[in-house]
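Here is how names work: the chains are called A, B, and so on, in the same order as the sequence lines, proteins then strands, and each is numbered from 1.
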Amino acid sequence: MMPKAAFFTALFCALTPFACSSEGGPGVKVHREKDYFEIALPSGWTPQEEYTGLSSDEKKIYGITLRGPSAGAGPAAKLEAYYYAHDNVMDKTSAKFIRVHSSPVPKSGAAFPRALKAEGDKVGGLPAKLFSSVSSGRNTAHSLDAKRTELWESFAVIPAKRGYYVLRYSAAPDKYEAGFPLFEAFVSSFKPLLK
Amino acid sequence: MKLKIKAVLPAMLGAALAALLLAPMSPAGVLTEPESQIVVDCRKNITPPAGELSPVKAAQCVDKFNANGGALMEKLKTDFPVLVVEVVARNNALLDLQSMITKYDGINLAKSLSRVIENPDCVPCKMGLGPAPEKLSPWVQSHFSSDLYGWYNWSVRSWSAIGNMRAGAMSGPDYKYTPESWGALTLLKRYDNLHDWAKKETDRLAASAALAGGEKSAATDFKASADNLKIDLEPLNDRATIKKLDDMLKDLSGKASALKPVKPSAADQKAGEMTASASNLAASMAAGGGKGYLDHGFDNAPVVAGAAAAAAPSKTKDFKGVPITKGQAAQLASRLASVKDGKMQGLLASELKGTKAGDEIIAFYENPKYAKSGTNKMSLGFTKGKDELKGAIGWWSGSAQELRINSDVVNAYTRERGITPAQLLKDPQLLKDFTTYVAPVFVHESTHQRQGAWIAENGLDYNTYKGKKSAPYQMEMETEAFGMDAAFVAEKTQKGGAGYLNKIAWWDRADAERYLEDGVEGIRTEKHTYDYYAKHTDSIPGAASKELQAATYSARRVVYLENKLKTTPGEMTAKDRAELKKCKEELDTRFSWYRQVLKKSKDDELKLQDWRGQMDPDGDVLSAIKIYSLAPSGGEK
């Protein structure tokens with residue numbers, strides 16, 4: 001059986017255009033977010049840095065957002081891993097978070113993103129809620145020429161003792177399937193440090 | 001342990017800098033040893049070639065300078081103004097660059113980067129990072145992953161990254177670029193040239209395809225060429241040419257070419273890999289997004305009066321709409337909002353009342369302090385948006401002190417509902433529904449007016465344009481304005497449900513959805529990708545770097561004049577003293593602006609997050625919006 005780290009390496013290498021660089025193989029970089037969690041970062045995905053607004057400590061939300069390789073005019077695919085402390089400024093409970101990010105499945109049979117599957121519905125050894133949703137926005141400012149945009153998303157929400165974890169994948173509908181195995185690997189590599 | 005900065009810092013910074021630090025001491029001029037070390041490290045970071053220009057270090061530096069309300073900046077500003085201006089400006093500039101390079105790529109990165117490095121006030125350029133984007137490449141290579149380095153060079157369309165096919169075309173007779181002359185082009189001109197080429201190539205490809213035979217392999221070649229051209233058509237959102245390619249491929253189905261197109265080289269295909277998602281993304285946007293507001297064919301609607309028209313528009317062949325006249329526009333504005341005897345009146349006052357965001361706006365227009373200074377004057381009007389404002393829904397002009405909603409919005413609204421502006425003005429229910437429709441944009445633009453009043457109140461309006469004073473425009477002003485209109489819509493939805501959602505524009509529902517889903521951070525991230533903001537609107541770190549760097553001359557004059565005052569006081573003229581006072585005030589104002597906008601941004605975010613929790617504690621409001629948006633009529637209507 002392939003060791004877990006080697007599996008991720010192989011998968012990331014296969015799924016990202018620049019994972020296997022000439023600099024001596026991809027390697028999987030593991031991100032540790034304080035004492036909250038660890039997760040493997042796929043090659044070719046860039047950790048986003050933002051210096052405006054509330055800090056992590058002010059929000060009580062800790063983690064990392066990775067921007068996928070896109071180069072299009074619209075939003076890039078994203079992977080996120082966050083720990084939401086119980087007193088965070090967004091959604092105090094995992095139940096609220098799940099409610100907020102769930103979307104109704106269209107009855108008309110319209111396309112809808114598939115959700116993640118995990119053995120026993122567990123992620124990192126903890127029970128998780130796995131679901132997908134469609135989120136909409138627009139592409140320009142207050143303009144009569146604005147267009148509606150759509151993002152497909154998949155979530156793993158993992159309640160912890162005092163707070164909860166969120167693993168999230170967002171992509172344009174046509175790119176969703178292509179990046180989904182990467183999200184599966186990302187989730188598989190998740191290691192909660194709070195139980 | 002407390003140390004006298006005058007004794008320690010010059011020694012730590014070296015003789016050359018010490019010569020610069022000859023300002024007289026003040027009681028505030030005391031740094032601890034760790035503080036002195038911060039100053040030394042942070043200055044070193046932004047001083048090439050010895051300095052690393054490390055964005056990680058820059059983040060640490062900015063955090064330390066901003067801590068405790070900017071206490072360290074205040075200390076240094078008194079005694080070492082040149083030093084503090086440079087250190088805070090340049091470290092902020094590195095943060096700004098890092099943020100845009102890690103958040104965006106492709107044309108979104110090109111737009112953001114051009115805003116900064118092609119600006120005459122380019123702060124990164126002072127560290128060797130610009131104005132040509134290639135000057136940043138070694139820095140990107142040093143501080144980011146090799147993957148990001150590749151993406152960066154492709155995003156800025158460096159000659160070495162665009163591949164043989166594009167480089168060949170750009171150096172050919174139609175364009176005649178060399179690697180050097182290409183490197184001198186602005187970022188967006190590079191995209192324009194490649195788009196122009198792709199457009200011409202599309203015509204050639206379509207002509208070849210028209211003669212095509214039935215071989216499967218040729219059809220595959222045409223698809224590969226078409227996909228390659230789309231890479232240069234997508235960033236400029238050239239839907240018409242992309243459609244031409246798609247139609248061509250459709251026609252080729254079952255056919256193939258008699259005249260085979262040139263296949264992209266491996267290098268071109270590699271470039272293609274990097275942007276393959278662009279065409280896919282745009283295709284999905286077209287599929288999921290549908291047509292724009294004005295493309296819905298609002299003409300041909302029947303004349304239907306009353307509330308039924310607003311709730312359920314229908315169409316006939318004949319109705320083309322009647323544009324609103326200037327007189328009707330003035331009448332409409334006065335019916336919607338006015339302030340009399342210190343009280344906001346009109347239909348908008350009723351629409352806004354009883355909501356958190358709306359009540360704040362009403363309180364703003366009724367604020368006697370602002371009335372005294374004349375900064376909260378109600379100036380709503382309906383004007384046609386022209387030039388840069390073409391298609392805009394509304395705007396606040398700080399220089400003209402005017403809040404405007406585009407008269408095209410009224411025309412589209414009445415046309416869709418098969419009514420005339422005269423009917424709108426006459427029918428109370430129609431007018432009430434129209435008020436509901438424009439209230440979110442009024443909240444947005446009046447938030448900008450309120451920002452202007454706050455800026456003036458705090459003495460931060462140090463810029464002058466057309467005789468009017470203002471503060472630097474930066475992205476957090478939009479984050480607050482979008483947050484306010486989204487919060488307003490969310491709360492109105494909480495009270496009015498689907499009936500309310502049916503009366504407002506889809507983009508206002510989309511903003512509320514973004515706010516309720518991902519809070520202020522969601523708004524901030526999404527909005528800065530918008531074309532206008534990406535090209536024109538700096539983040540706070542970006543704006544801070546420009547504003548503080550612009551104070552360098554004043555800082556130098558303060559050092560010189562303070563020294564003169566200390567060493568040869570008899571030579572100080574009245575003009576010198578006046579200049580010293582003016583330069584000190586300029587420094588004070590800019591640092592004060594920086595500190596206060598940072599604080600305001602955080603305060604606004606906390607408030608809007610708190611509102612979000614209060615108005616939708618269980619996510620029911622957001623669910624209502626999502627369900628409505630998924631309904632057949634809820635998309636872009």
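Between the side chain of A/Thr46 and the backbone N or O of B/Leu148, no donor-acceptor pair lies under 3.5 Å. For the pair B/Lys602 (side chain) and A/Gly53 (backbone), a donor-acceptor distance under 3.5 Å is present.
Looking at B/Leu622, the atoms closer than 4.5 Å to chain A (heavy atoms on both sides) all sit in the side chain, from C-beta outward. Heavy atoms closer than 4.5 Å to chain B are found in the backbone of A/Ser102, but not in its side chain. Neither the backbone nor the side chain of A/Lys92 comes within contact range of chain B, judged by heavy atoms closer than 4.5 Å. For B/Asp604, no part lies near chain A; criterion is any non-hydrogen pair under 4.5 Å. Of the two parts of B/Glu476, only the side chain, counted from C-beta on, holds a non-hydrogen atom closer than 4.5 Å to a non-hydrogen atom of chain A.
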Legend entry - side-chain contact (heavy atoms from CB on, under 4.5 Å) evaluation trace for A/Glu58 with B/Glu605: CA-CA 11 Å; A/Glu58 287 164 331; B/Glu605 185 167 352; over 6 Å; no
Legend entry - Trace of the salt bridge (charged side-chain N to carboxylate O under 4.0 Å, His left out) decision for A/Lys96 with B/Asp616: CA-CA 10 Å; A/Lys96 167 80 189 298; B/Asp616 194 16; 5.8 Å; no
Legend entry - Test log, rule side-chain contact (heavy atoms from CB on, under 4.5 Å), inputs B/Glu521 and A/Lys59: CA-CA 10 Å; B/Glu521 180 60 33; A/Lys59 284 190 283 197; 4.0 Å; yes
Legend entry - B/Asp105 vs A/Arg67, salt bridge (charged side-chain N to carboxylate O under 4.0 Å, His left out): CA-CA, chis, key distance, verdict: CA-CA 9 Å; B/Asp105 64 5; A/Arg67 176 174 60 78; 3.0 Å; yes
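Contact check for B/Lys103 versus A/Glu49: no side-chain heavy atoms found under the 4.5 Å cut-off. At least one side-chain heavy atom of B/Asp147 sits under 4.5 Å from a side-chain heavy atom of A/Ser43. For the pair B/Gln474 and A/Thr52, the minimum side-chain heavy-atom distance is 4.5 Å or more. Under the 4.5 Å side-chain criterion, counting only non-hydrogen atoms from C-beta, A/Val100 is not in contact with B/Lys626.
Looking at B/Glu513 and A/Ser135, their side chains never bring a donor and an acceptor atom within 3.5 Å of each other.
Taking CG of B/Asp620 as the start and CZ of A/Arg99 as the end, the distance is 4.5 Å to the nearest 0.5 Å. With rounding to the nearest 0.5 angstrom, the CG atom of A/Asn88 is 9.0 Å from the CD atom of B/Gln609. If you take CD1 on B/Ile625 and OG on A/Ser103, they are separated by 13.5 Å, rounding to the nearest 0.5 Å. One finds the OG atom of B/Ser145 at 8.0 Å from the NZ atom of A/Lys29 (value rounded to the nearest 0.5 Å). To the nearest 0.5 angstrom, A/Tyr51 atom OH is 10.0 Å from B/Leu94 atom CG. Here the CZ-CG distance, from B/Arg524 to A/Leu54, works out to 7.0 Å after rounding to the nearest 0.5 Å.
Taking each heavy atom of B/Trp151 and A/Gly44 in turn, the nearest pair found is NE1-O, 4.4 Å. When all heavy atoms of A/Pro104 and B/Ile627 are compared, the pair lying nearest together is CG-CG1, 3.7 Å.
More than 12 heavy atoms of other residues, nucleotides or ligands sit less than 6.0 Å from atom NZ of B/Lys607.
Of the listed residues B/Asp96, B/Asp518, B/Leu389, B/Ile101, the one with more heavy-atom pairs under 4.5 angstrom with chain A than any other is B/Asp518.
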